[in-house]
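All heavy atoms count here, side chains included; hydrogens, waters and symmetry mates do not. So that the names make sense, note that chain A is the first sequence line, chain B the second, and so on, each numbered from 1.
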Amino acid sequence: VTGSLHMGHAFNTALIDTIVRFQRLQGRNVLCLPGTDHASIAVQTILEKQLRAEGLRKEDLGRDAFLERAWAWKAESGGTIVAQLRRLGYSVDWQRERFTLDAGCSVAVIEAFNRLHEQGLIYRGEYLVNWCPASGSAVSDLEVEMQEVDGHLWHFRYPLSDGPAADGRTHLEVATTRPETLLGDTAVAVNPRDPRYAALVGQTLTLPLVGRQIPIVADDHVDAEFGTGCVKVTPAHDPNDFAIGQRHNLPLVTVMAKDGSMNEAAGRFAGLDRFEARKAVVAAMEAEGFLVKVENYRHSVPFSDRGKVPVEPLLSTQWFVKTEPLAARCREALEQADPRFVPERWAKVYRDWLTDIRDWCISRQLWWGHRIPAWFVVSETGGVITDSTPYVVARDASDALAKAEAQFGGGTHAHPLVLEQDPDALDTWFSSGLWPFSTLGWPEAGAADLERWYPTSVLVTGFDIIFFWVARMTMLAGAFTGKMPFRDVYIHGLVRDENNRKMSKSAGNGIDPLLLIDRYGADALRFALVREVAGAGQDIRLDYDRPSDTSATVEASRNFANKLWNVTRFALMNLAGETPATLGEPDPAVLAQEGRPLQLADRWILSRLARVNRETAERYQNYGLGEAAKGLYEFAWNEVCDWYVELIKRRLNPGENPTPAALADQRTARQVLAKVLSELLLMLHPLMPHLSEELWHGLTAQPQETFLALQRWPVADASACDDALEASFAALIEAIRVVRNLRAVAGLKPSQSVPVRFVTGRAPLAEALAAATADITALTRAERVEVLDPAAAAASPAAKALAGVCGDLQVLLPIEGLVDLDALRGRLEKDIAKADKEIKGLTGRLANPNFADKAPPEVVAECRANLAEAEAQAGLARRRLADLV
RNA sequence: GCCCGCUUAGCUCAGCGGUAGAGCGCCUGCCUUACAAGCAGGAUGUCGCUGGUUCGAACCCGGCAGCGGGCACCA
């Protein structure tokens with residue numbers, strides 16, 4: 001609930017909903033449970049910013065009033081997001097909408113915390129954590145982002161306490177990017193094998209400005225090659241130094257407060273902000289002669305993801321989840337591909353993160369979130385919470401009291417037992433990590449939803465969230481349910497802007513999905529996003545023209561939607577009020593019996609339909625969503641609209657006083673058209689739910705309360721698939737193309753009709769062409785169509801004709817006088833060049849003895865056939881060219 | 001430093017052993033009664049470079065270069 005939906009959500013939603021709708025069409029009862037998380041730190045940051053604008057701090061309001069504001073924000077922001085998801089057509093069960101802070105999730109969080117604590121998998125302790133001074137809270141390692149910054153490397157002299165060494169040295173030189181931490185130094189470390197310092201290990205230095213005596217220690221962490229080989233050690237302010245400190249039992253001196261200012265331990269620098277303190281320390285060091293030099297230095301600094309300020313490693317008492325046992329279980333499951341990652345390469349990323357994983361700091365010094373279910377027995381420590389105040393972890397306050405009484409006695413009238421709940425909240429991801437089962441009724445034993453739906457089938461999410469969410473879910477699910485929470489994890493990429501930059505609120509380069517929905521429609525946006533995703537797991541770039549708020553990609557999908565609208569309109573105009581149901585299935589046997597058999601075009605489109613059906617179902621099923629979208633786009637536009645519809649127009653309009661045979665055939669065409677279109681709409685439904693639903697209703701005249709969304713995926717008719725038929729139809733299409741091309745080359749007006757003559761020695765092709773003369777006539781504006789074999793053609797030569805060649809098929813347009821000879825010559829020369837090039841390549845291959853020996857026979861045969869065809873084509877074209885002169 | 005991805009037509013991207021495709025853009029001609037948000041026709045590529053494997057490589061393997069990303073991080 002951090003604001004509003006962005007294009008990344010739209011993308012994610014489109015993918016999920018496509019899968020959900022497809023599975024529903026498969027007849028499955030699909031649960032897709034919607035909801036939002038409370039985004040603890042992000043929301044609190046937003047609210048505090050609002051408060052600052054009003055000149056207030058959250059402490060001025062108090063916890064309760066602040067939380068009221070937070071809930072108000074949640075209502076507003078959550079409402080916006082839900083409204084946006086609805087506009088996209090997200091077909092989820094809105095009655096089940098959940099929120100990570102709702103009652104059920106809260107029960108789950110408390111239970112989960114208690115159980116992990118009981119198992120020793122949650123502990124409390126003082127460690128160096130990532131402290132975000134901006135939000136005043138600890139954050140996890142994942143919420144820290146390294147950024148390269150231009151800084152300085154300051155070289156300082158630390159004098160030896162006991163005067164000059166044997167070799168006369170009076171000091172060691174150390175370098176640091178953070179001079180202010182010098183105040184907390186408790187040692188200087190050198191490499192144990194560094195001969196330069198071996199004699200000095202164990203001796204003492206006097207820390208400048210502070211005067212503390214600090215030892216010189218030998219530690220492997222130090223790289224003798226880097227800098228002077230001496231490292232100042234500040235265990236309370238640096239993770240590596242902390243580790244060194246542990247190894248050498250060094251004291252921890254914290255010199256900084258939680259707000260990023262220097263504390264009392266910083267002496268004269270106390271009260272200064274950390275960045276001012278840096279300057280002041282440098283100035284003081286210089287003034288006192290300890291500064292050797294300053295270098296410009298580019299280095300990485302940890303930044304808080306949310307606060308956008310450098311994170312401070314600070315010693316702090318926090319709650320942690322011991323992750324290794326949880327991660328081990330996940331790694332083990334992954335060996336059996338549980339869960340299965342799609343694409344598979346993300347499994348490695350997931351596994352690597354789960355290997356050598358560090359413990360998870362789950363407490364946040366925030367108000368908005370699940371309050372930690374731990375109660376401090378403050379009566380034991382004078383009424384306040386200190387690091388040594390004992391605590392109990394419990395399900396609620398009375399449970400806590402009972403536990404505390406058992407542990408500390410009931411207290412007395414004079415000294416009653418007083419408990420106070422930990423004021424801190426949990427990391428949002430702790431509750432998100434329980435989502436797959438907390439939303440299904442866990443921890444209630446035998447919860448019906450949990451039994452029925454858990455573990456889930458698939459999680460669909462972006463790769464940027466594998467660690468934050470996916471891994472947290474699998475770790476917690478493993479601990480509480482003994483199962484991985486989903487069978488598949490379908491990982492998708494990010495949506496990038498027109499300049500290939502990640503869209504983000506802070507960069508201000510987001511593209512508003514609602515704007516594109518307003519302009520092009522929700523289905524167009526969905527289709528465009530899914531269609532771009534063919535290379536699964538890859539980022540997608542949404543092309544976008546910012547000045548006009550237009551997107552060519554989405555526009556293309558809108559045009560496709562429009563095409564579907566128009567072809568359906570065409571069908572409605574031509575079905576004479578009949579529907580797929582009243583027309584009935586076009587069964588070939590029955591139709592033949594009735595004397596109105598399927599024609600070539602019908603059999604072709606039904607063959608294609610069956611094939612596309614199978615391909616598409618397989619693609620949807622295997623997360624090939626982009627391929628499914630592209631395949632349907634091509635089938636609908638290039639095959640159904642461009643060819644099939646054009647071919648049946650005459651049959652649908654047999655003219656005045658049609659014969660009974662023509663009327664019977666009209667019905668056949670109507671049956672096939674109705675079937676193809678209604679099934680196409682069904683197959684498109686997961687991608688374009690609104691449009692397909694509307695058009696399907698128009699086409700089928702189904703009542704309002706019947707939904708396409710709830711129909712079954714059409715059964716693919718395997719018997720309709722016919723390779724030979726598809727091949728000969730392809731040849732027919734090619735022949736028509738050649739005629740059209742010749743007409744264009746000759747510059748014929750569309751209204752001019754001319755005779756068309758095909759000459760071929762291949763009987764099957766001749767038959768197909770002869771059977772389709774009516775179609776060819778219509779599609780090429782032919783005056784008449786003849787199909788001749790070479791002998792017959794020789795008997796009645798058509799001199800000076802427009803001629804084209806396609807394989808061994810000659811296409812002649814005998815229209816002497818109308819011909820643009822130069823254009824025609826060009827066309828033939830082009831044909832010859834193309835054929836020659838092919839001949840050259842194929843001849844070369846066949847001439848290689850190894851090819852004939854080692855290549856599969858069918859490949860060799862195909863090669864020979866292609867060569868023969870190319871030679872025939874070249875020969876025919878040359879002859880035609882010669883005829884022209 | 002470790003790991004991953006990408007490099008194909010002007011742009012955005014498919015293809016992943018049999019000799020290159022789509023959408024958009026571009027050129028030509030069309031208001032042909034579903035659709036000009038359309039129809040028909042057309043042009044466009046040493047598939048990053050370089051070795052190798054193979055009868056054959058955009059595709060497989062090695063190296064290099066460039067771009068992008070993740071993880072870790074040296075004071």
Worksheet entry | Earlier contact from the 5' end, RNA chain B, for A:Ala571 and A:Asp238 |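 Its nucleotide being nearer the 5' end, the pick is A:Ala571.
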Fill in: Most 5' of A:Lys348 and A:Glu862 on RNA chain B, judged by nearest nucleotide
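Between the two, 5'-proximity favours A:Lys348.
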Of the listed nucleotides [options], the one nearest the side chain of [X]:
| X | options | answer |
| --- | --- | --- |
| A:Lys830 | B:A34, B:G42, B:G18 | B:G42 |
| A:Arg569 | B:A34, B:C3, B:C55 | B:A34 |
| A:Val231 | B:A75, B:G38, B:A14 | B:A75 |
| A:Arg740 | B:A75, B:G41, B:G5 | B:G41 |
| A:Lys232 | B:A75, B:C24, B:G5 | B:A75 |
| A:Ala556 | B:C73, B:G41, B:G23 | B:G23 |
| A:Gln538 | B:C6, B:C35, B:U33 | B:C6 |
| A:Val222 | B:A14, B:C73, B:A75 | B:A75 |
| A:Phe467 | B:A14, B:G18, B:C71 | B:C71 |

Salt-bridge test for [X] and [Y]: reply yes if a basic N is under 4.0 Å from a carboxylate O, no otherwise.
| X | Y | answer |
| --- | --- | --- |
| A:Arg619 | A:Glu615 | yes |
| A:Arg178 | A:Glu312 | yes |
| A:Asp352 | A:Lys348 | yes |

Discussion item. Would you compute the distance between atom NE2 of A:His152 and atom CD of A:Glu295 and round it to the nearest 0.5 angstrom?
Written reply: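 With rounding to 0.5 Å, NE2 (A:His152) is 11.5 Å from CD (A:Glu295).
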Atom pair distance, as rounded to whole Å: [atom1] in [X] and [atom2] in [N]:
| X | N | atom1 | atom2 | value |
| --- | --- | --- | --- | --- |
| A:Tyr544 | B:G23 | OH | P | 25 Å |
| A:Phe570 | B:C35 | CZ | C1' | 11 Å |
| A:Asp642 | B:A34 | CG | C1' | 12 Å |
| A:Tyr633 | B:C13 | OH | P | 17 Å |
| A:His221 | B:A75 | NE2 | P | 9 Å |
| A:Trp346 | B:C4 | CH2 | C1' | 7 Å |
| A:Asp853 | B:C55 | CG | P | 10 Å |
| A:Asn566 | B:A37 | CG | P | 11 Å |

Within the structure shown, what part of the strands sits under 4.0 Å from [X] by heavy-atom distance: base, sugar-phosphate, or nothing?
| X | result |
| --- | --- |
| A:Ser300 | base |
| A:Thr177 | sugar-phosphate |
| A:Arg737 | sugar-phosphate |
| A:Val567 | base |
| A:Glu646 | base |
| A:Val174 | nothing |
| A:Val233 | nothing |
| A:Asn848 | sugar-phosphate |
| A:Asn500 | nothing |
| A:Cys230 | nothing |
| A:Trp637 | sugar-phosphate |
| A:Tyr297 | sugar-phosphate |

Worksheet item: Would you say the side chain of A:Arg781 and the base of B:U32 hold a donor-acceptor pair, judged only by whether the two atoms sit under 3.5 Å apart?
Response: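 Between B:U32 and A:Arg781, which were checked side chain against base, a qualifying N/O pair under 3.5 Å is absent.
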Discussion item. Using only modelled atom types and a 3.5 angstrom limit, is any donor from either the side chain of A:Arg558 or the base of B:A37 paired with an acceptor on the other?
Written reply: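 Answer is yes: a donor-acceptor pair is held.
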Practice prompt. Assert yes or no for the condition that the ring centre distance of A:Tyr633 to A:Trp637 is strictly below 6.0 Å.
Written response: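 Centroid distance A:Tyr633-A:Trp637: below 6.0 Å, so yes.
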Worksheet item: Which of parallel (below 30°), tilted (30 to 60°) and perpendicular (above 60°) describes A:Tyr297 and A:Phe226?
Response: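 Plane angle over 60°, so perpendicular.
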Item to complete: Determine the Euclidean distance between corresponding P atoms of B:C13 and B:U8; express it in Å to zero decimal places.
Response: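 It comes out at 10 Å once rounded to the nearest Å.
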